[in-house]
Amino acid sequence: MGALYVVATPIGNLEDITLRALRVLGQVGLIAAEDTRRTRRLLSVHGIRTPVTSYHEHNKRTKLKYLLRRLGEGDVALVSEAGMPGLSDPGYELIASAIATGTEVVPVPGPSVVLTALVVSGLPTSQFTFLGFLPRRQGERRRLLSSVAGEGRTLVAFEAPHRLEGSLQDVLSVLTDRRIAVCREMTKVHEEVFRGTVSGALQHFTEPRGEFTLVIEGAPTGEGHGQCAGIELEQEVLGLCRQGMRLKEAVEQVAVRAGVSKRVLYQRCKGKPGVANSTG
């Protein structure tokens, strides 16, 4: 039985690949690639002739059994379109299936757009929350953002150029006008890092092109800030309930405006005097 090598490849600049990655790609019997054209270009630059097969979102169900069978015969390398496989791409299913069958899974680390964008953002890097690609539909996207509105850690997310404006509008509405770094085309010819506020990013990217990574400031967590702000928001919700609004509606209105977790705010207000009959 062979091993599955999870190999990181460049996120842009083809020089950003390790010597170990080149050696492994040249020694395995097969390379499973999310984007075969991009992978073959990388292999060609470095004179590697290993056979390549496609493994992407649209054929992962049919290709999975084939790749597991090939792993029974020898080593296979898994590469994504760019960066580390398994992050927001179908590589996760192959890795999980290989582990389930007892196959050795060997990481070959290297470039990652998540960490690259995070460290150049200028925002706190000690802890962060990775959201992957933001949902395509606005309702789902807003729900996701609402769920992390109270998260004090830096947020990192991927976005496509044609949805960038809508996503930034939702970030502004749900998370408020926080600091943000919008990283475009990292390590490529047209690399750009915008650092500023969400509203400033909306004004800057009027015709967005390329691949984007958003690094968003976490919720304020300064000493005393969270407690005082929580009390103020709680009083605002209770005031709306006394005016006849249902608790769920009042919490949603206040949480979205303030950029905090609806769930946390709801729990704080539930059972308080004046809201007992407003939860229906």
Open item on the list: side chain to side chain contact (heavy atoms under 4.5 Å, CB included), that's the test. Do Asn13 and Lys188 meet it? Break it down for me.
Closed with: CA-CA 6 Å; Asn13 193 314; Lys188 300 179 183 177; over 6 Å; no
- [ ] List in chain and number order the residues that pass ring-ring contact (aromatic ring centres under 6.0 Å, His included) with Phe158, two or more places apart in sequence or in another chain; answer none if no residue qualifies.
- [x] Phe130, Phe133
Quick one: side chains of residues 87-111, donor-acceptor pairs under 3.5 Å with protein atoms, not counting sequence neighbours, listed by atom name and distance.
from   : atom 1 : to     : atom 2 : distance (Å)
Asp89  : OD1    : Gly86  : N      : 3.0
Asp89  : OD1    : Gly91  : N      : 2.7
Asp89  : OD2    : Gly86  : N      : 3.4
Glu93  : OE2    : Lys60  : NZ     : 2.9
Ser97  : OG     : Glu93  : O      : 2.9
Thr101 : OG1    : Ser97  : O      : 3.3
Thr101 : OG1    : Ala98  : O      : 2.9
Thr101 : OG1    : Thr103 : OG1    : 3.1

- [ ] Please report the C-alpha distance between Tyr55 and Tyr66 in whole Å, then the side-chain angles of each, then the deciding distance to 0.1 Å, and finally whether the ring pair (Phe, Tyr, Trp, His ring centres under 6.0 Å) criterion is met.
- [x] CA-CA 10 Å; Tyr55 179 69; Tyr66 166 72; over 10 Å; no
Open item on the list: Run the salt bridge (charged side-chain N to carboxylate O under 4.0 Å, His left out) test against Arg23 and tell me which residues pass, sequence neighbours left out.
Closed with: none
Going by heavy atoms in the side chains, are [X] and [Y] under 4.5 Å from each other?
| X | Y | value |
| --- | --- | --- |
| Met186 | Val120 | yes |
| Thr53 | Leu67 | yes |
| Val7 | Leu25 | yes |
| Val52 | Leu43 | yes |
| Arg184 | Phe194 | no |
| Asp75 | Leu30 | no |
| Ile180 | Thr197 | no |
| Ile31 | Val76 | no |

Hydrophobic cluster membership, with links at side-chain heavy-atom distances under 4.5 Å among I/L/V/M/F/W/Y: are [X] and [Y] in one?
| X | Y | result |
| --- | --- | --- |
| Val193 | Leu214 | no |
| Val198 | Val182 | yes |
| Val148 | Leu168 | yes |
| Ile17 | Val79 | yes |
| Phe205 | Leu175 | yes |

Is it true that a side-chain atom of [X] and a backbone atom of [Y] form a donor plus acceptor pair closer than 3.5 Å?
| X | Y | result |
| --- | --- | --- |
| Ser167 | Leu164 | no |
| Thr154 | Pro124 | yes |
| Glu217 | Arg179 | yes |
| Thr36 | Ala33 | no |
| Asp177 | Leu172 | no |
| Arg153 | Thr129 | no |

Task: Electrostatic pair Glu249:Arg246 at N-O distance under 4.0 angstrom - done: yes
Which atoms form the tightest heavy-atom contact between [X] and [Y], and what is the distance?
| X | Y | result |
| --- | --- | --- |
| Gly26 | Ile48 | CA-CG2, 3.8 Å |
| Leu123 | Ala181 | CD1-N, 4.3 Å |
| Pro10 | Leu42 | CD-CD2, 4.0 Å |
| Gly83 | Ser80 | O-OG, 3.5 Å |
| Cys241 | Ala250 | SG-CB, 4.1 Å |

- [ ] Consider only side-chain N and O atoms of Asp170 and Gln138, and report whether a donor and an acceptor are under 3.5 Å apart.
- [x] yes
Open item on the list: Apply the hydrophobic cluster definition, ILVMFWY joined by side-chain contacts under 4.5 Å directly or through others, and give me every member besides Met1.
Closed with: none
Open item on the list: Looking at His58, I want to see if its NE2 is surrounded by more than 12 non-hydrogen atoms of other residues, nucleotides or ligands under 6.0 Å.
Closed with: no
Open item on the list: Tell me if the CD atom of Glu165 is crowded by more than 12 foreign heavy atoms within 6.0 Å.
Closed with: no
Please round to the nearest 0.5 Å and tell me the distance separating atom [atom1] of [X] and atom [atom2] of [Y].
| X | Y | atom1 | atom2 | value |
| --- | --- | --- | --- | --- |
| Leu19 | His46 | CG | NE2 | 10.0 Å |
| Cys183 | Glu159 | SG | CD | 14.0 Å |
| Leu134 | Leu145 | CG | CG | 6.0 Å |
| Ser146 | Glu252 | OG | CD | 7.5 Å |
| Thr62 | Asn59 | OG1 | CG | 5.0 Å |
| Ser54 | Lys63 | OG | NZ | 3.5 Å |

Task: Qualifying salt bridge (Lys or Arg N to Asp or Glu O under 4.0 Å) pairs with a residue from residues 33-54, counting only residues at least two apart or across chains - done: Arg38-Glu81
Task: Residue pairs fulfilling salt bridge (Lys or Arg N to Asp or Glu O under 4.0 Å) with at least one residue in residues 5-21, sequence neighbours excluded - done: none
Task: Phe128 and Val114: CA distance, side-chain angles, deciding distance, side chain to side chain contact (heavy atoms under 4.5 Å, CB included) verdict - done: CA-CA 10 Å; Phe128 68 96; Val114 175; 3.9 Å; yes
Open item on the list: What verdict does the side chain to side chain contact (heavy atoms under 4.5 Å, CB included) test give for Glu185 and Glu211, after you've listed the backbone C-alpha separation in whole Å, the side-chain angles of each residue and the deciding distance to 0.1 Å?
Closed with: CA-CA 5 Å; Glu185 295 287 271; Glu211 299 174 343; 3.8 Å; yes
Task: Of Leu131, Val113, Thr213, Ile216, the residue whose pairing with Val156 passes side-chain contact (heavy atoms from CB on, under 4.5 Å) - done: Thr213
- [ ] Quick one: do Cys269 and Leu247 satisfy side chain to side chain contact (heavy atoms under 4.5 Å, CB included)? Show the steps, please.
- [x] CA-CA 8 Å; Cys269 297; Leu247 176 58; 3.8 Å; yes
